[in-house]
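Here is the naming used below: chain letters follow the sequence lines, and residue numbers restart at 1 for every chain.
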There are 2 protein chains.
Amino acid sequence: MIRIVDVAREAQVSVATVSRTLNNSARVDPVLAERVRAAVQKLGYRPNAVARNLRRRGTQVWALIITNLNNPFYTAVARGVEDVASELGYSVLLCNTDEDQAKQDRYLEVAAMERVAGVILAPRSDDSDVSTVQDDQIPLVVVDRALRQPVDFVTAASFEGAVLATEHLLRQGWRRPACITRPADTATAEQRRLGYEDVMRRHGLAPVVRHVGFHAGGSAEMISALLAERDAPDAFLTIDSMLALDVLGGLQRAGLHSGRDVGVISFDDASWAPVVDPPLSVIAQPAYEMGAEAARLLARRVRSEGPAEPQTMIMSTTLIVRGSCRRPKR
Amino acid sequence: MIRIVDVAREAQVSVATVSRTLNNSARVDPVLAERVRAAVQKLGYRPNAVARNLRRRGTQVWALIITNLNNPFYTAVARGVEDVASELGYSVLLCNTDEDQAKQDRYLEVAAMERVAGVILAPRSDDSDVSTVQDDQIPLVVVDRALRQPVDFVTAASFEGAVLATEHLLRQGWRRPACITRPADTATAEQRRLGYEDVMRRHGLAPVVRHVGFHAGGSAEMISALLAERDAPDAFLTIDSMLALDVLGGLQRAGLHSGRDVGVISFDDASWAPVVDPPLSVIAQPAYEMGAEAARLLARRVRSEGPAEPQTMIMSTTLIVRGSCRRPKR
DNA sequence: TTGTACGCGTTATCAG
DNA sequence: CTGATAACGCGTACAA
């Protein structure tokens with residue numbers, strides 16, 4: 001490996017001068033600077049970031065910890081984070097917890113040990129423990145799912161989105177919409193369920209709620225069973241696009257058609273939503289922008305800018321009406 | 001920040017003993033070891049990975065550089081890599097190049113500077129420059145898309161998959177299948193096109209090929225135009241699932257139905273494939289396993305095991321027949 | 001403006 | 001088995 005001293009020797013200057021030219025950290029005689037650059041070129045020198053980080057007592061790396069890389073919502077968030085990060089000169093350590101609390105804890109531990117400059121976390125549960133990074137004063141921005149404790153937080157208006165969706169369903173004439181959601185310790189899912197139940201209550205209707213674990217496998221049976229009940233739901237609100245897929249599959253097996261026999265609406269505007277038949281109505285979240293905003297907020301924290309109190313940023317959701325909620329007159 | 005010396009003082013031992021107990025690198029008197037562990041606990045000590053990496057002259061981090069985080073194929077690969085990595089005690093630096101050669105080069109540079117232990121790369125083009133990591137002797141495994149030069153490489157049988165797909169189309173009675181593919185410097189896309197053309201030629205049919213750039217926007221128009229031609233294709237083979245979405249959208253706008261008016265088959269078994277109407281036939285790649293195998297191969301390279309010559313691993317693809325290729329008798 | 005020398009926090013070597 | 005100490009490669013006071 002070729003070190004800074006090698007460059008210094010080649011350029012006939014001191015290591016300090018090499019360091020200074022490479023980091024523009026002080027004025028350097030243009031002649032020497034040129035010699036340094038030539039030597040760097042000639043030797044193919046590449047600064048050792050590890051040593052630099054040790055000396056600087058800090059890295060240029062962020063950790064982004066999400067629960068499911070297969071969820072297009074999170075990959076969109078990740079792209080938002082990544083774009084802003086690379087713009088600002090940070091690298092992103094992307095960690096996938098698989099909705100596993102233990103894995104999440106391990107990643108937080110790794111982040112702390114690697115002395116990352118900041119962490120963006122989509123927590124598994126609303127009482128996830130984040131003391132690992134907090135104790136080390138590592139800036140943390142929570143994204144998507146709220147934590148019980150006050151922290152910097154970027155999310156979408158889940159409750160309102162669910163209200164929008166449920167009201168749209170009822171407006172079309174569906175009377176027994178069900179809400180397919182995720183475990184109750186998932187903040188976002190819970191907000192959506194509450195929004196749904198709120199509308200149902202106001203309309204004097206009985207909520208029908210089903211919770212589906214993340215490591216599915218059972219949701220297909222659950223949906224088929226639900227469809228076979230005596231007072232089966234006549235519509236569905238699913239709180240993420242993977243659950244929408246499950247419901248669509250269930251309808252298919254039952255020989256039912258959305259936009260005709262049942263209404264379907266889901267959170268997240270997946271890329272396939274406009275292409276299924278009929279196209280799926282959705283509550284879209286600005287996923288990419290959420291990631292980008294979380295990143296910008298983190299950047300401010302890393303630079304210790306802005307107010308000290310935790311910031312919360314709630315981005316609005318959009319109802320996109322397609323065909324899957326239609327209810328023909330009968 | 002709390003350092004190893006603080007622990008040593010608290011436990012009334014030397015730093016060497018602390019280090020040894022924490023790394024199990026040598027026998028330590030159980031009594032002292034217990035005192036160390038107690039001190040670690042009490043002080044909340046967490047080893048500084050940056051310092052460790054400097055001293056050990058190496059990290060426990062891999063870089064995974066892919067072209068598009070939104071492509072479910074690559075997220076599946078990433079999961080495979082990540083699972084094996086975390087099993088083996090490595091962290092993964094996930095980088096998204098957005099099909100941008102310059103971004104890819106920057107990430108390779110970052111990987112080299114961060115002294116990652118290894119790199120897994122899905123290159124933008126078949127003549128991407130990987131000398132940045134090769135010069136520094138950083139083990140490299142290329143995944144999915146081949147490079148012109150010999151390197152460790154894990155991929156799926158693209159040519160054969162395309163042959164399978166095209167023959168299936170013809171078997172159903174379609175006579176003018178078109179191939180919608182990606183730029184010709186994308187090794188995998190090119191293999192698929194060649195497989196398609198090979199079958200067409202053997203059947204004495206004229207190939208119809210369209211290349212679509214990655215930053216789409218134009219593919220919708222292209223497909224609509226293609227559909228409007230005099231001798232419009234009566235079937236489509238798309239080489240990835242995003243192109244399939246484009247084709248399905250085009251058919252929808254043209255009022256055509258797959259599995260009736262046209263046949264459609266695509267590479268990659270996306271999660272939505274079984275749910276569109278009719279369900280989409282596909283050539284499935286073992287994406288997760290490809291990632292896992294690439295990771296295992298990289299792990300061997302990092303440990304300098306196995307033969308020195310570049311290894312190539314070609315995993316087989318599977319034709320999954322659903323409804324989208326059906327051709328009713330007329 | 002330049003160079004020398006020390007320290008960042010660990011691990012590994014070498015005496016004891 | 002333990003402890004003192006020299007690296008690891010870089011950035012930056014401080015002195016020149």
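- For the contact set between residues 22-37 of chain B and DNA chain D, defined by any heavy atom under 4.0 Å, the members are Arg27(B), Val28(B), Asp29(B), Leu32(B).
- Scanning DNA chain D 5' to 3' for nucleotides with an atom closer than 4.0 angstrom to a non-hydrogen atom of chain A gives a first and last hit of dG9(D) to dA13(D).
- Side-chain contact of Gln104(A) with Ser128(A): a donor-acceptor pair under 3.5 Å is present, judged by distance alone.
- Remark: Ser304(B) engages no residue in a side chain to side chain contact (heavy atoms under 4.5 Å, CB included) (not counting sequence neighbours).
- Within the structure, the salt bridge (Lys or Arg N to Asp or Glu O under 4.0 Å) test picks out no pair touching residues 62-77 of chain B (sequence neighbours left out).
- Every residue two or more places apart in sequence or in another chain that forms a side chain to side chain contact (heavy atoms under 4.5 Å, CB included) with Pro307(B) is listed here: Glu309(B), Gln311(B).
- For Tyr90(B), the ring pair (Phe, Tyr, Trp, His ring centres under 6.0 Å) partners are Trp62(B), not counting sequence neighbours.
- Under the salt bridge (Lys or Arg N to Asp or Glu O under 4.0 Å) criterion, no residue pair touches residues 52-64 of chain A, with sequence neighbours excluded.
- With sequence neighbours excluded, the residues forming a side chain to side chain contact (heavy atoms under 4.5 Å, CB included) with Ala184(A) are Glu190(A), His211(A), listed by chain and number.
- Sorted by first then second residue, the side chain to side chain donor-acceptor pair (under 3.5 Å) pairs that include residues 37-47 of chain B, not counting sequence neighbours, are Glu109(A)-Arg46(B), Asp136(A)-Arg46(B), Glu10(B)-Lys42(B).
- Along DNA chain C, read 5' to 3', the first and last nucleotides having any atom under 4.0 Å from a heavy atom of chain B are dG9(C) to dT13(C).
- Every residue two or more places apart in sequence or in another chain that forms a side chain to side chain contact (heavy atoms under 4.5 Å, CB included) with Val13(A) is listed here: Ala11(A), Thr17(A), Val18(A), Leu32(A), Arg35(A), Val36(A).
- Where Arg46(B) and Arg20(B) meet DNA chain C, the nucleotide closest to each residue was compared, and Arg46(B) sits on the side nearer the 5' end.
- The stretch residues 72-82 of chain A participates, sequence neighbours left out, in these side chain to side chain donor-acceptor pair (under 3.5 Å) pairs: Tyr74(A)-Asp144(A), Tyr74(A)-Arg145(A), Arg79(A)-Asp98(B), Glu82(A)-Tyr107(B).
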